[in-house]
J.: 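A single structure is presented below for examination.
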Amino acid sequence: MVLVVYALIVLLEQLRYVITHFTGDITVDLPRALDAVLSYAVIGLVAWRSTWASVASVTCLVTSALVDYYGTVIITVAIVTIAVVATATQRFVVVHLVAYLVWALVATNVQGPFNDSLFWSILNVLVISSLVGGAVRYFRLQRQRSEERVRDLEILNERLREDERQALARDLHDVVAHELTLITMQTMSRRRSEDLQELHGVLETVEGAARSALYELRVLLRLLRNENDGEHPRDVTGAGLAIGSLEHVVTSLAASLTDLRFAPQVVITGDLEAMPTTARGTAARILQEAVTNIIKYAPRGADCRIEVTAADHELHLRVTNPLPRTGTKARGGELSSGLGLRGITERVSLLGGRAEAGPEDGRWVVDVVLPGDGPDAL
């Protein structure tokens with residue numbers, strides 16, 4: 001709009017000058033008026049597309065050479081050159097500058113001997129305009145790069161935030177699902193019991209589960225509030241919660257199953273504590289989820305098996321339990337969210353391991369392999 005208004009105002013002023021200085025020779029006054037109209041029309045065209053203005057400027061270059069008047073066209077040359085150098089492709093810029101240079105040579109020879117002062121004046125305008133256009137082009141490119149960096153950082157930030165949300169969701173699910181399922185199953189299985197000693201044992205189990213859930217929720221809240229002072233940066237595997245010894249975790253989970261009248265078998269092979277911290281933390285969460293599913297879905301009194309094997313370069317977990325009887329409604333079905341298996345898959349994929357879960361010979365099998373050569377194993 002600025003260019004269009006400028007071109008319109010100066011064009012009217014130029015036409016007024018031509019009219020007031022009318023020589024009476026139509027062959028002189030008409031080409032000058034036409035040159036003014038073409039020159040400022042080209043300047044207005046720059047507002048839409050610099051390449052169109054460059055091509056259209058050839059007409060006013062020709063008319064200026066024919067009438068031997070360059071006062072108007074010099075302004076057009078400067079503005080168009082700045083716009084072309086700033087916005088056009090490099091190939092078009094080269095063609096534009098060559099064409100204008102050829103015009104400068106022709107214009108200074110068309111009316112007589114070589115006019116060196118006119119040539120150097122036009123050349124100076126071209127050089128200065130090219131430098132200004134180059135500066136504008138440089139800052140435009142810098143701005144584009146900055147905008148691209150900002151977009152990339154926004155995408156990265158959103159991806160990190162999504163990873164963090166997923167990790168927090170997995171941790172919250174683990175804490176709530178396991179401990180509350182344990183509490184629910186304990187109370188449901190003994191709600192009609194009249195054995196005071198057994199009820200006291202249930203209350204102790206419920207109290208322990210509630211304390212454990214409360215402790216882990218506090219840890220999770222500290223992570224959310226960023227109160228760890230940077231000592232233990234959170235990782236997206238969700239292994240940042242305190243888990244203690246992996247062997248102790250397996251033993252505690254087996255004890256929970258025993259309290260609920262299941263018959264767990266535990267097989268531990270290898271040195272579990274030699275595995276990387278991330279692998280052990282992830283393994284603890286996976287085992288916790290697998291045991292929670294046993295409590296929810298496996299028949300009461302069923303035998304289940306927990307195998308944990310630590311090899312040189314991997315940690316192998318395998319949890320099996322009988323499938324629910326046909327037509328039997330799963331206990332605690334109202335607590336099922338379907339997020340457990342998905343959480344296991346996400347945790348394992350983040351560490352580059354593999355996870356499989358499904359029926360096999362009448363039993364439900366969770367089979368997970370975690371890499372044991374992570375960065376904290378060095």
Side-chain angles (χ1 to χ4, degrees), residues 170-171 174-175 177-179 181-182 205 208-209 212 216 235 237-299 301-323 340-378:
R170 286 193 297 269
D171 288 339
D174 289 341
V175 171
H178 178 73
E179 305 299 351
T181 299
L182 184 61
T205 303
S212 176
E216 296 209 44
D235 70 80
T237 64
L241 298 181
I243 60 165
S245 165
L246 179 56
E247 186 172 347
H248 174 71
V249 170
V250 176
T251 304
S252 298
L253 292 174
S256 299
L257 290 172
T258 302
D259 289 341
L260 290 170
R261 300 174 184 174
F262 290 95
Q265 297 178 3
V266 176
V267 179
I268 298 177
T269 306
D271 185 4
L272 302 186
E273 304 313 310
M275 291 291 103
T277 303
T278 304
R280 286 187 286 116
T282 302
R285 290 306 185 199
I286 292 172
L287 291 172
Q288 191 179 56
E289 178 59 34
V291 169
T292 301
N293 288 335
I294 292 175
I295 296 173
K296 285 182 180 180
Y297 306 115
D303 64 296
C304 48
R305 186 178 178 88
I306 302 175
E307 299 179 45
V308 183
T309 303
D312 292 336
H313 299 293
E314 65 183 23
L315 184 61
H316 187 194
L317 313 175
R318 184 177 176 86
V319 180
T320 64
N321 61 269
L323 292 171
L341 292 178
R342 189 174 74 181
I344 290 176
T345 303
E346 290 175 352
R347 290 182 186 278
V348 174
S349 64
L350 286 171
L351 294 183
R354 63 173 179 82
E356 297 177 358
E360 183 179 310
D361 298 330
R363 299 178 68 85
W364 182 264
V365 178
V366 176
D367 193 87
V368 174
V369 176
L370 300 173
D373 52 356
D376 52 351
L378 299 178

J.: Output the distance between atom OG1 (T345) and atom CZ (R354), rounded to the nearest 0.5 Å.
T.: 12.5 Å

J.: What verdict does the side chain to side chain contact (heavy atoms under 4.5 Å, CB included) test give for L315 and V308, after you've listed the backbone C-alpha separation in whole Å, the side-chain angles of each residue and the deciding distance to 0.1 Å?
T.: CA-CA 7 Å; L315 184 61; V308 183; 4.1 Å; yes

J.: Can you list the residues that meet the side-chain hydrogen bond (donor to acceptor under 3.5 Å, both in side chains) rule with E307, with sequence neighbours excluded?
T.: R305

J.: Tell me whether E247 contacts the main-chain N or O of L272 through its side chain, where contact means a donor paired with an acceptor under 3.5 Å.
T.: no

J.: Only counting residues at least two apart or in another chain, list the ones meeting side-chain contact (heavy atoms from CB on, under 4.5 Å) with S252.
T.: H248

J.: Excluding sequence neighbours, so at least two apart, what forms side-chain hydrogen bond (donor to acceptor under 3.5 Å, both in side chains) with E356?
T.: none

J.: Which atom names give the shortest non-hydrogen contact between A311 and M275, and what distance separates them?
T.: O-CE, 3.2 Å

J.: To the nearest 0.5 Å, tell me how far N321 CG sits from I294 CD1.
T.: 4.5 Å

J.: Quick check: closest heavy atoms across A254 and P264, and the distance to 0.1 Å?
T.: O-CG, 3.5 Å

J.: To the nearest 0.5 Å, what is the distance between CG on L317 and OG1 on T309?
T.: 8.5 Å

J.: Would you say R363 and P322 make side-chain contact, with heavy atoms under 4.5 Å?
T.: yes

J.: At their closest point, which heavy atom of P371 faces which heavy atom of A279, and how far apart are they?
T.: O-CB, 3.9 Å

J.: Do you know which of T251, T320, L257 makes side-chain contact (heavy atoms from CB on, under 4.5 Å) with I306?
T.: L257

J.: Rounded to the nearest 0.5 Å, what's the gap from OG1 on T282 to CZ on R280? Could you check?
T.: 10.5 Å

J.: Out of curiosity, I295 CD1 to C304 SG, how far, rounded to the nearest 0.5 Å?
T.: 9.0 Å

J.: With side chain to side chain contact (heavy atoms under 4.5 Å, CB included) as the criterion, how do I268 and V250 come out once you've worked through the C-alpha distance, each side chain's angles and the decisive distance to 0.1 Å?
T.: CA-CA 9 Å; I268 298 177; V250 176; 4.2 Å; yes

J.: Short question: side chain of R318, backbone of D367 - any donor-acceptor pair under 3.5 Å?
T.: no

J.: Please check if atom CG in D361 has more than 12 non-hydrogen atoms from other residues, nucleotides or ligands closer than 6.0 Å.
T.: no

J.: Once rounded to the nearest 0.5 Å, what's the spacing between atom CG of L253 and atom CD of Q288?
T.: 6.5 Å

J.: May I have the step-by-step check of side chain to side chain contact (heavy atoms under 4.5 Å, CB included) for L287 and L246, ending in yes or no?
T.: CA-CA 10 Å; L287 291 172; L246 179 56; 4.3 Å; yes

